[in-house]
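Owing to the predicted nature of the structure, the values given are computational and were not obtained by experimental measurement. In what follows, chains carry the letters A, B, and so on, assigned in the order in which the sequence lines appear, proteins first and then strands, with residues in each chain numbered from 1.
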2 protein chains.
Amino acid sequence: MAVAMGTDTKTAILDAAQALLQTRGANGISYQHISDTVKIRKASIHYHFPTKHKLIEAVLRRYCVNFLGLVDAIIASDDPAPVKLRKYIGLFDRTLRNGAGQKVCLCGMLGAELASLRSPTVTLLQRFYRENALRLEKILEEGRKRGMLRFDGEAKTVGMLVFSLLEGAMLLARADGGVKRFRRLTSQLLRMVGA
Amino acid sequence: MAVAMGTDTKTAILDAAQALLQTRGANGISYQHISDTVKIRKASIHYHFPTKHKLIEAVLRRYCVNFLGLVDAIIASDDPAPVKLRKYIGLFDRTLRNGAGQKVCLCGMLGAELASLRSPTVTLLQRFYRENALRLEKILEEGRKRGMLRFDGEAKTVGMLVFSLLEGAMLLARADGGVKRFRRLTSQLLRMVGA
DNA sequence: CATGTTATATCTACTAGTAGGTAGATGTCA
DNA sequence: TGACATCTACCTACTAGTAGATATAACATG
């Protein structure tokens with residue numbers, strides 16, 4: 001089953017690459033690292049993803065689709081805004097938990113390495129940031145309108161603020177304090193938007 | 001003047017390394033990059049800093065002392081808390097501006113690359129985070145006591161939140177929106193602590 | 001004051017290992 | 001047979017780090 005096998009391998013490569021990217025970053029990993037994890041030869045990875053840039057781009061593309069899909073599901077639910085917000089934060093919390101406290105958001109990591117990335121990847125990254133801020137704005141605005149959230153200022157700005165904080169808090173929590181600290185920070189954040 | 005010359009070179013190496021670290025990260029730079037910038041041979045860098053880890057550690061150590069020194073000066077002034085907070089944020093703002101929008105806080109960058117760092121560097125990084133949170137707590141608590149700041153929750157937690165946001169906002173602003181976006185985020189932050 | 005000594009600092013030239021990437025043979029299945 | 005997938009073997013470029021020669025300047029001694 002050449003086609004099916006190939007697809008599985010491709011997914012396995014993407015999975016391994018993503019996990020490595022989230023812990024060590026783009027400049028901290030090599031095809032050899034991925035090869036060791038997936039148990040496939042280095043050259044075979046090049047067959048599926050001819051260059052490292054293309055591989056990173058593919059990982060990022062898949063990550064964005066998945067992540068924003070989860071966010072959209074949260075938004076589509078009929079939960080009240082504070083619950084939606086909690087669930088949104090839960091996505092980040094889960095990443096921190098699943099990676100044994102060593103993984104951060106892929107886009108936070110790549111954001112730090114921005115100078116090493118190429119055009120399609122950078123554009124994807126920017127879009128990811130914007131899409132998240134946009135969705136948070138939506139949740140916040142709706143929550144405020146229904147009196148379930150309370151904060152001053154534009155919902156758009158607060159949305160960006162929430163997103164920035166989550167990315168920053170993940171980095172800091174990984175270095176010091178772990179999930180526990182992350183939760184203390186997000187609880188405080190929720191309090192500050194009146195949730 | 002062997003001694004004086006050596007000191008200057010050492011400083012020049014630290015300066016170049018820091019600038020490169022803030023834009024490209026630890027895994028994104030090499031002794032050759034520094035050599036090109038400082039106009040000294042690669043081997044001469046090894047004379048001053050035998051290994052890359054030692055060099056990074058030295059850069060970080062100097063950065064922490066400088067940065068915390070500036071923060072302490074802000075705290076020691078008799079400005080009201082909201083002004084102190086603004087000045088503190090100004091330190092990050094300046095980094096973003098000076099680096100033509102390409103530099104982020106050294107400790108935010110190294111935080112992302114945590115998995116590639118070694119023990120003394122990691123410890124320094126953790127200390128830097130704690131020291132900043134501590135100083136912010138001080139400013140926040142004092143401001144609230146005097147009625148010049150208004151927020152719910154522990155000052156300690158809010159201090160960590162402010163710091164996390166600043167680190168996160170720098171990363172995001174560099175990728176998308178620049179200094180302008182950074183300022184919009186920090187203005188909103190100030191608003192949320194009643195400044 | 002001239003001279004030899006020593007420590008500091010820089011250089012050229014090298015090593016072993018790893019990086020990303022390629023060529024081409026081999027296997028495998030429809 | 002032919003497309004897909006994987007392999008071995010290799011290439012060139014770059015990595016961190018080392019060895020050893022050389023320059024320089026402060027210092028001690030006759």
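A:Phe128 has its ring centre less than 6.0 Å from the ring centre of A:Phe67.
Side-chain proximity of B:Lys42 to the nucleotides D:dG17, D:dT8, C:dT12 is greatest for D:dG17. Each of C:dC11, D:dT6, D:dG17 was ranked by its minimum atom distance to the side chain of A:His48; first place goes to D:dT6.
For C:dC11, the OP1/OP2 oxygens have a side-chain nitrogen or oxygen of B:Ser44 closer than 4.0 Å. Not one side-chain nitrogen or oxygen of B:Tyr47 sits closer than 4.0 Å to the OP1 or OP2 atom of C:dT10. Contact check, A:Thr9 against D:dT6: a side-chain N or O comes under 4.0 Å of OP1 or OP2.
Between atom CG of residue A:Leu136 and atom OG1 of residue A:Thr157 there is a gap of 12.5 Å, rounded to the nearest 0.5 Å.
Atom CG of B:Asp8 is separated from atom P of D:dA25 by 14 Å (rounded to the nearest Å). If you take CZ of B:Phe49 and C1' of C:dT8, they are 15 Å apart, rounded to a whole angstrom. Atom-to-atom, CZ of B:Arg41 to P of C:dT12 comes out at 4 Å; the value is rounded to the nearest Å. The interatomic distance linking A:His46 (NE2) with D:dT8 (C1') rounds to 14 Å, in whole Å. Regarding B:Lys10, its NZ atom lies at a distance of 11 Å from the C1' atom of C:dT8, rounded to whole Å. Rounded to whole Å, atom P of D:dT15 lies 11 Å from atom CD1 of B:Ile45.
Salt-bridge check for B:Glu154 with A:Arg184: failed, with every basic side-chain N at 4.0 Å or more from each acidic carboxylate O. A salt bridge does not link A:Glu141 with A:Lys145: none of the charged nitrogens is closer than 4.0 Å to a carboxylate oxygen. The residues A:Glu57 and A:Arg61 are annotated as salt-bridged, a charged nitrogen and a carboxylate oxygen being separated by less than 4.0 angstrom. With respect to B:Lys138 and B:Asp72, no salt bridge is recorded, no charged nitrogen being found less than 4.0 Å from a carboxylate O.
For A:Arg97, the CZ atom counts as densely surrounded, since its 6.0 Å shell holds more than 12 non-hydrogen atoms of other residues, nucleotides or ligands.
Near DNA chain C, meaning a heavy atom under 4.0 Å away, the residues from residues 26-38 of chain A are A:Ile29, A:Ser30, A:Tyr31, A:Gln32, A:His33.
Interface remark: the A:Lys52 side chain does not form any donor-acceptor pair with the C:dG21 base, using a distance-only criterion of under 3.5 Å.
Comparing A:Ala43 and B:Ala43 by the nucleotide of DNA chain C that holds the closest heavy atom to each, the one mapping nearer the 5' end is B:Ala43.
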